[in-house]
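Written below as structure tokens is the structure these notes are about.
Here the structure is a predicted model, which means the values were calculated and not measured.
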Amino acid sequence: MEQKRSGFSGKLGFVLAAAGSAVGLGNIWRFPYLAAKYGGGIFLLVYILLAVTFGFTLMVTEIALGRKAQLSAVSAFSRFNRKFAFLGYLAAAVPIIILPYYSVIGGWVTKYLVAFCSGNISAAAQDGYFNSFISSTGEPILYFAIFLGLTALVALLGVEKGIEKVSKFMMPVLVVLSIGIAIYSAFLPGAMEGVIYYIKPDFSNFSVMTVIAAMGQLFYSMSLAMGIMITYGSYMKKDVNIEGATRQISLFDTGIAFFAGLMIVPAVFAFSGGDQSALGQGPGLMFVTLPKVFETFPGGTILGALFFVLVLLAALTSSISLMETIVSIFIDKFGWKRSLTCLVVLIGSIVLGLLSTLGYGVWADVKLIGMKFLDFFDFISNSIIMPLVALITCIFVGYFIKPQALIDEVETGGARFKSKKLFVVMVKFIAPVFILLILVSSVLNAFGIIKI
């Protein structure tokens with residue numbers, strides 16, 4: 001007997017859950033770091049333009065594919081064309097690879113939240129604190145397990161009672177915290193120079209790499225080419241307008257990224273006396289520089305604790321969507337019960353995650369193509385498989401099932417697809433070229449041929 005498919009209760013539940021998936025660590029630390037590195041305001045402008053065209057097109061494509069097929073990523077493509085069944089498995093590999101190492105980073109966030117809440121801000125601001133923590137064995141594994149356990153608990157509760165309910169609580173809190181901390185940060189002494197740099201476009205800072213970096217961030221930030229939006233689309237009711245929902249998700253995602261930049265860039269400018277090099281630390285920006293920033297200001301312990309609550313919520317909403325995508329794949333493929341599936345995914349993620357967490361400790365000398373385990377998993381998933389999935393998906397939709405098949409799904413129930421012409425041009429011609437550019441540049445960057 002075929003199981004009744006889970007689903008969101010309505011548009012609000014879908015939008016908040018999908019926005020929660022899109023909003024994650026990429027918005028909080030990666031977006032500000034890239035914005036600072038590639039010209040501030042001009043990067044922000046390019047990113048927004050790409051989000052409303054390229055990002056919008058890919059998200060509509062994936063959501064419509066999922067709702068039309070009523071299946072998770074691994075099965076949806078074969079429902080349309082059996083020759084493309086491989087694409088479902090390729091897409092399914094992304095969350096399976098990402099969830100374990102993402103949860104390791106989620107564990108780091110959890111550790112810092114505990115440190116701030118327990119009043120250990122001075123210790124957390126010390127130069128060797130972060131490296132000492134991640135290179136140890138017991139604590140990183142403990143916090144990694146806590147974070148992954150919280151993720152599994154929400155996934156176990158199911159779509160409506162778990163993911164939707166948690167997202168309806170987390171997303172408004174996340175928005176309020178983002179705006180509140182951003183306003184506080186923008187009015188710190190010496191921060192206005194950072195605000196101007198971040199918001200005002202300077203076209204002299206524009207380059208091809210600005211576009212490539214913004215495109216790469218778009219994939220990372222909007223949960224594209226991971227099978228997530230296909231899975232969430234399969235839970236979407238037919239009376240929900242896909243185009244409208246996609247625009248709202250994009251607005252949520254871009255808005256949080258914008259306010260994250262407004263939190264971090266002006267604060268670091270204030271702390272460093274306008275030294276932009278202080279922004280170029282990647283993940284270290286969040287775990288090394290920001291604790292120093294919070295320590296120097298009145299009420300820094302409370303502000304730091306609120307910031308890491310914000311980051312933890314963002315990390316959890318994304319990890320939940322990653323786990324749900326994997327769970328949905330196994331349920332669709334093998335007909336397992338949700339409880340058994342969540343347990344299997346949890347155990348598998350713990351085993352794989354141990355490689356990433358121990359890769360900074362006892363296995364620090366073990367490397368794959370010159371990378372630590374976490375960096376290797378990140379490279380394979382984000383720089384190789386995701387652009388490849390997106391490229392083949394555009395070819396699949398543009399030239400095999402044809403865009404009209406998805407336009408019909410978007411227009412289900414008499415809904416009007418206002419951006420129909422943009423969608424067709426993007427999915428057939430423009431998006432594949434941009435994605436190929438991202439794929440090639442990511443590989444060249446990984447091997448040191450170019451620098452992004």
Side-chain angles (χ1 to χ4, degrees), residues 5 14 18 49-94 215 218-219 222-250 325 328-329 332 385-439:
R5 189 159 190 81
F14 170 79
L49 289 173
L50 289 173
V52 299
T53 53
F54 177 85
F56 167 80
T57 300
L58 277 186
M59 192 173 285
V60 166
T61 299
E62 295 192 6
I63 293 171
L65 277 170
R67 193 171 77 173
K68 193 174 183 71
Q70 288 290 290
L71 291 166
S72 61
V74 78
S75 305
F77 291 100
S78 61
R79 171 65 66 90
F80 293 102
N81 188 323
R82 290 193 176 276
K83 291 179 181 177
F84 282 84
F86 75 93
L87 187 54
Y89 289 99
L90 201 58
V94 176
M215 282 287 295
L218 201 65
F219 270 107
M222 294 182 76
S223 292
L224 300 173
M226 302 184 192
I228 292 173
M229 291 303 165
I230 293 176
T231 300
Y232 276 21
S234 73
Y235 298 147
M236 189 189 207
K237 289 188 173 181
K238 290 287 187 179
D239 61 354
V240 176
N241 185 296
I242 290 177
E243 183 178 19
T246 301
R247 292 200 186 284
Q248 289 171 340
I249 296 163
S250 300
T325 301
S328 177
I329 287 166
D332 282 354
I385 304 177
M386 284 165 59
L388 200 57
V389 168
L391 177 62
I392 301 172
T393 299
C394 286
I395 294 169
F396 171 69
V397 172
Y399 300 97
F400 285 84
I401 67 168
K402 302 298 173 65
Q404 190 61 45
L406 298 189
I407 290 170
D408 291 342
E409 182 61 33
V410 174
E411 294 181 335
T412 297
R416 184 165 164 256
F417 192 1
K418 298 174 185 176
S419 304
K420 188 190 309 184
K421 290 181 180 178
L422 171 68
F423 172 77
V424 173
V425 172
M426 286 295 297
V427 82
K428 289 187 74 172
F429 307 111
I430 300 176
V433 174
F434 272 86
I435 296 166
L436 188 60
L437 183 65
I438 289 297
L439 179 60

Discussion item. Checking L218 against L58 for the side chain to side chain contact (heavy atoms under 4.5 Å, CB included) test, could you report, in this order, the C-alpha distance in whole Å, the side-chain angles of both residues, the deciding distance, and whether it holds?
Written reply: CA-CA 10 Å; L218 201 65; L58 277 186; over 6 Å; no
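- Using a 4.5 Å cut-off on side-chain heavy atoms (C-beta onward), L391 and P432 make contact.
- Residues V94 and M226 approach most closely at CG1-CG, 3.6 Å, considering heavy atoms.
- Applying the side-chain hydrogen bond (donor to acceptor under 3.5 Å, both in side chains) definition to pairs two or more places apart or across chains, none involves residues 51-63.
- In this structure K420 satisfies the salt bridge (charged side-chain N to carboxylate O under 4.0 Å, His left out) test together with E411, sequence neighbours excluded.
- A pairwise comparison of heavy atoms in G398 and P403 identifies O-CD, 3.7 Å as the closest pair.
- Counting only residues at least two apart or on different chains, no salt bridge (charged side-chain N to carboxylate O under 4.0 Å, His left out) pair has a member in residues 72-83.
- The salt bridge (charged side-chain N to carboxylate O under 4.0 Å, His left out) contacts involving residues 385-398 comprise nothing, where partners must be two or more places apart or lie in separate chains.
- Heavy-atom minimum distance, I435 versus C394: CD1-SG, 3.9 Å.
- At least one side-chain heavy atom of I407 sits less than 4.5 Å from a side-chain heavy atom of V424.
- For Y399, the side chain to side chain donor-acceptor pair (under 3.5 Å) test picks out no residue, with sequence neighbours left out.
- A distance of 11.0 Å separates CG of L439 from CD1 of I385, quoted to the nearest 0.5 Å.
- Legend: ring-ring contact (aromatic ring centres under 6.0 Å, His included) pairs involving residues 56-81, not counting sequence neighbours, sorted by first then second residue: F77-F396.
- Heavy atoms only, all atoms of each residue included: F417 and V60 are closest at CZ-CG1, 4.0 Å.
- Atom NZ in K68 sits 7.0 Å away from atom NZ in K238 (nearest 0.5 Å).
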Worksheet item: What's the verdict on side chain to side chain contact (heavy atoms under 4.5 Å, CB included) for L437 and M215, showing C-alpha distance, side-chain angles and the deciding distance?
Response: CA-CA 9 Å; L437 183 65; M215 282 287 295; over 6 Å; no
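- Taking both residues in full, the closest heavy atoms of F219 and A225 are given as CE2-CB, 4.1 Å, listed atom of the first, atom of the second, then distance.
- L388 CG to T393 OG1: the interatomic distance, rounded to the nearest 0.5 Å, is 9.0 Å.
- Between M222 and M229 the shortest heavy-atom distance is O-CE, 3.8 Å.
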Item to complete: Would you check, one step at a time, whether the test side chain to side chain contact (heavy atoms under 4.5 Å, CB included) holds for I401 with L65?
Response: CA-CA 11 Å; I401 67 168; L65 277 170; 4.1 Å; yes
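- Defined by atom type and a distance below 3.5 Å, a donor-acceptor pair is missing between the side-chain atoms of Y232 and S223.
- Under the side chain to side chain donor-acceptor pair (under 3.5 Å) criterion, S419 pairs with E243, R247, not counting sequence neighbours.
- Not counting sequence neighbours, N81 has no partner by the side chain to side chain donor-acceptor pair (under 3.5 Å) test.
- In this structure F86 satisfies the side-chain contact (heavy atoms from CB on, under 4.5 Å) test together with F84, I392, sequence neighbours excluded.
- When atom types are taken as modelled, the side chain of S75 and the backbone of S72 share no donor-acceptor pair closer than 3.5 angstrom.
- Here A92 pairs with V74, I329 under the side-chain contact (heavy atoms from CB on, under 4.5 Å) rule; sequence neighbours left out.
- Under the side-chain contact (heavy atoms from CB on, under 4.5 Å) criterion, A64 pairs with I242, L406, E409, V410, not counting sequence neighbours.
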